[in-house]
Student: 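Dropping the structure in here first, questions after.
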Amino acid sequence: MNTASSVRVGIVGLGNIGHHHADRIVDMGATLVGGLDIQAEARRRFAEKYDVNTYEEKDELFAEVDAVIITTPNRFHEEYAVAALDAGLDVLLEKPLAHSLESAERIAEAAERADGFCMVGFNNRFANPVEVFRHHYEAGRFGDITHVEANYIRRRGIPGRGSWFTSNDIAGGGALIDIGVHAIDLALYFLDFPEVVEVSGVTRSEFGHDEDYTFVEMWGEDVGPEGFDVDDSASAFIRTAEGTTISLEVAWAVNRPTNDEFFLRGTEGGARFDRASQELEFYEDGVGGGNHLSTTDVETQTNDTHKSEQKLFVEAVAAGEHPGRNTVEQGLAVQRVIDAIYRSSEAGRAVRLDTVETPPAN
C-alpha cells in the first residue's frame, strides 16, 4: 500500500503561493520532486530553497511525478491542468478553476476523461469551524438552510496594482474572481451545491484607478493604476432551483469596515461563521421552561486549512482514488456563478442559468 512519503509531487508556478504549498508538502513528509516555472529567477529561488530540480518544460517535470499542484496565474490553469491530466497525473488546482467559463469547461472535460483526478483548491472548506458546522447540519440541528449571507470584504486590500491580479486578460476579473470565488464556494457548500438558476449582480471599479489610492498595507507591490482593468467590488443575489438563496458582498476596497462573516439561516436554527477570526456561533430557540432564544459560542482548534487540504490530496494520490471533495464539477458550478455575475452586471439585469438565452437581434 502506498503511503504519503511515497507520493512524488511537483509544483507548477513557483511564486509565493507555490512556496506556500511546497512548505506543506515537505512538512507532511511527501516527496517534493521539483518545480516548474517559465521565469528563470523563480526557478533559481525555488531550487535554492528546497534543493530540488526545477524545469521550464512541463513534460520534463511530469515524467518525474505522481501528482502536481498548480499555482500559476488563472489564465494558465488550463494549459497545465489539461496536460497533467492527459499525462495521467493527479492534480490539485488552485482556485478558481480558470480565468473564464470556457476555459474551466475544457478543464472539466479533461478531468472527465482522465485516469487521474483533479481536486480544486477551496481551502476554506477545511477550516475546523466549517467542519463542525457541517457535522451539526448533517445531523439535522439547523433543519433546512434556506439562505446564506456571504461576505468577503476588505476595507483596503487590492493585491498589488500592476500585478497579474489586476489584469483582466490574465486573472479573468478582479475581487470577484480572486476572493469572491471563496465566498461563493463556501455558500454553495453550506447549501450542498444546489442548481443555481438565476443570478443578479453588479461589479464596480471605484478605487483601483485612483492615482491617490490610499492603503496601509498591500500584499504585492503597488505600481499605480495603469493597467488596472478589473472590478474591485461586487454585489450579487443568487437563486437556486430549490428556492434557497445567497446574498453576496465582495470587495478588495470599499469605504466600510472589513467583514468576513457568513450568516446561515435555517428552519430549526442558524449560525455565524467569521472566516477571519474563525469564530462560530449557533442561534436556536426553544419552549422548554418558557419561550427562549439561545446563542452558543463554539470554540474549535485553529488549523492550517491549506495543510489539511493537501493532506487529503496526498492521501488520495497514495490511495489511487479521488478524495470525493472539492470536485471539478463543484469548481465549475462556482465558475458559472462568477461568469453570470459579470454577465448580469454588463447587461444590467438578472440572468438565467437554467435556460439558453438568445442574444438580442442587431
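Values in this document were obtained by computation on a predicted structure and should not be read as measured data. Below, all heavy atoms of this structure are taken into account, side chains as well, without hydrogens, waters or symmetry copies.
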Student: Identify whether Trp164 and Ile17 are in the same connected component of the hydrophobic contact network (ILVMFWY, side-chain heavy atoms under 4.5 Å).
Tutor: no
Student: His21: which residues meet the ring-ring contact (aromatic ring centres under 6.0 Å, His included) condition with it, sequence neighbours left out?
Tutor: His306
Student: Evaluate whether atom CD of Glu131 has more than 12 neighbouring non-hydrogen atoms of other residues, nucleotides or ligands under 6.0 angstrom away.
Tutor: yes
Student: Ignoring hydrogens and geometry, is there a side-chain-to-backbone donor-acceptor pair from Ser205 to Val230 under 3.5 Å?
Tutor: yes
Student: Which pair of heavy atoms, one from Pro96 and one from Asn74, lies closest together, and at what distance?
Tutor: CD-OD1, 3.4 Å
Student: Take Arg141 and Glu284 through the test side-chain contact (heavy atoms from CB on, under 4.5 Å) and record every step on the way to the result.
Tutor: CA-CA 9 Å; Arg141 182 168 182 172; Glu284 295 163 295; 2.7 Å; yes
Student: Distance-only check: which donor-acceptor pairs under 3.5 Å involve side-chain atoms of residues 288-299, not counting sequence neighbours?
Tutor:
unit_1, atom_1, unit_2, atom_2, d
His292, ND1, Gly286, O, 3.3
His292, ND1, Gly290, O, 2.9

Student: Does one hydrophobic cluster hold both Leu85 and Val33, with members joined at side-chain heavy-atom distances below 4.5 Å?
Tutor: yes
Student: Show the nearest heavy-atom pair for residues Ala127 and Gln278, with the distance to one decimal.
Tutor: CB-OE1, 3.4 Å
Student: Holding to ring-ring contact (aromatic ring centres under 6.0 Å, His included), I want the full list of residues that pass it with Phe262, two or more places apart in sequence or in another chain.
Tutor: none
Student: Once rounded to the nearest 0.5 Å, what's the spacing between atom CD of Glu57 and atom CD1 of Ile38?
Tutor: 10.5 Å
Student: Which pairs pass ring-ring contact (aromatic ring centres under 6.0 Å, His included) with one or both residues in residues 33-53, sequence neighbours excluded?
Tutor: His19-Phe46, His19-Tyr50, Phe46-Tyr50
Student: Got a sec, which residues hit salt bridge (charged side-chain N to carboxylate O under 4.0 Å, His left out) with Asp185, two or more places apart in sequence or on another chain?
Tutor: Arg125
Student: Verify the neighbour count for atom CD of Glu138: are there more than 12 heavy atoms of other residues, nucleotides or ligands below 6.0 Å?
Tutor: yes
Student: Taking side chain to side chain contact (heavy atoms under 4.5 Å, CB included) as the test, write out the residues that go with Thr267, two or more places apart.
Tutor: Asp144, Thr146
Student: ring-ring contact (aromatic ring centres under 6.0 Å, His included): which pairs involve residues 308-352, sequence neighbours left out?
Tutor: Phe117-Phe313, Phe117-His322
Student: Between Asn128 and Thr300 (side chain of the first, backbone of the second, donor and acceptor by atom type, cut-off under 3.5 Å), is there such a pair?
Tutor: no
Student: What pair of heavy atoms forms the shortest contact from Ile341 to Leu248, and how long is it?
Tutor: CD1-CD2, 3.8 Å
Student: Considering all heavy atoms of both residues, which atom of Glu206 and which atom of Ser233 are nearest to each other, and what is their separation?
Tutor: OE1-OG, 4.5 Å
Student: Kindly write out the residues that satisfy side chain to side chain donor-acceptor pair (under 3.5 Å) with Asp260, not counting sequence neighbours, or none if the list is empty.
Tutor: Arg275
Student: Got a donor-acceptor contact below 3.5 angstrom from the Asp354 side chain to the Ala241 backbone?
Tutor: no
Student: Could you go step by step and tell me if Asp192 and Arg134 meet the side-chain contact (heavy atoms from CB on, under 4.5 Å) rule?
Tutor: CA-CA 10 Å; Asp192 286 329; Arg134 287 288 306 184; 2.9 Å; yes
Student: Using side-chain contact (heavy atoms from CB on, under 4.5 Å), reason through Thr166 and Ile158 one step at a time and then give a plain yes or no.
Tutor: CA-CA 8 Å; Thr166 66; Ile158 297 174; 4.0 Å; yes
Student: Under the 3.5 angstrom rule, does the side chain of Ser344 hit a backbone N or O of Arg349 as a donor-acceptor pair?
Tutor: yes
Student: Taking Glu79 for the side chain and Phe76 for the main chain, is one N or O donor matched with an acceptor at less than 3.5 Å?
Tutor: no
Student: I'd like to know if Lys95 pairs up with Glu309 as an ion pair, taking the criterion as any Lys NZ or Arg NE/NH1/NH2 lying under 4.0 Å from an Asp or Glu carboxylate oxygen.
Tutor: no
Student: Cluster question for you: counting only ILVMFWY and a side-chain heavy-atom cut-off of under 4.5 Å, with indirect links fine, are Phe237 and Val181 together?
Tutor: no
Student: Which atom names give the shortest non-hydrogen contact between Ile153 and Thr258, and what distance separates them?
Tutor: O-CG2, 3.1 Å
Student: Just by modelled atom types, is the Ile170 backbone N or O under 3.5 Å from a matching donor or acceptor in the His99 side chain?
Tutor: no
Student: Who passes side chain to side chain donor-acceptor pair (under 3.5 Å) against Glu279, sequence neighbours left out?
Tutor: Arg272
Student: Is the distance from the ring center of Tyr137 to that of Phe190 below 6.0 Å?
Tutor: no
Student: Does the pair Lys307/Asp23 count as a salt bridge with the N-to-O cut at 4.0 Å?
Tutor: no
Student: Could you give all pairs that pass the salt bridge (charged side-chain N to carboxylate O under 4.0 Å, His left out) test and reach residues 162-176, with sequence neighbours left out?
Tutor: Arg75-Asp169
Student: Do side-chain atoms of Asp232 reach the backbone of Trp252 as a donor and acceptor pair under 3.5 angstrom?
Tutor: no
Student: So, for Leu332 and Ala108, which heavy atoms are closest and what is the spacing to 0.1 Å?
Tutor: CD2-CB, 4.0 Å
Student: Could you tell me which residues satisfy salt bridge (charged side-chain N to carboxylate O under 4.0 Å, His left out) with Arg256, sequence neighbours excluded, listed by chain and number?
Tutor: none
Student: Please check if Val148 and Phe263 belong to a single hydrophobic cluster, counting links between Ile, Leu, Val, Met, Phe, Trp and Tyr side chain heavy atoms closer than 4.5 Å.
Tutor: no
Student: Spell out, as yes or no, whether a donor-acceptor pair under 3.5 Å connects the side chain of His147 to the backbone of Thr245.
Tutor: yes
Student: Does Asp115, at its CG atom, have more than 12 non-hydrogen atoms belonging to other residues, nucleotides or ligands within less than 6.0 Å?
Tutor: no
Student: Salt-bridged, Glu315 to Lys311, with N to O below 4.0 Å?
Tutor: yes
Student: Within the distance-only criterion (no hydrogens, no angle test), does the side chain of Asp37 pair as donor or acceptor with the backbone N or O of Leu14 below 3.5 angstrom?
Tutor: yes
Student: Ignoring hydrogens and geometry, is there a side-chain-to-backbone donor-acceptor pair from Thr54 to Ala47 under 3.5 Å?
Tutor: no
Student: Output every pair passing salt bridge (charged side-chain N to carboxylate O under 4.0 Å, His left out) with a member in residues 149-167, not counting sequence neighbours, ordered by first then second residue.
Tutor: Arg161-Asp222
Student: Would you call Arg44-Glu41 a salt bridge at under 4.0 Å N-O?
Tutor: yes
Student: State plainly whether one hydrophobic cluster holds both Phe122 and Ile69, where clusters connect Ile, Leu, Val, Met, Phe, Trp and Tyr through side-chain heavy atoms under 4.5 angstrom apart.
Tutor: no
Student: Glu60 vs Glu64, test: side-chain contact (heavy atoms from CB on, under 4.5 Å). Steps then yes/no.
Tutor: CA-CA 7 Å; Glu60 296 178 346; Glu64 301 295 329; over 6 Å; no
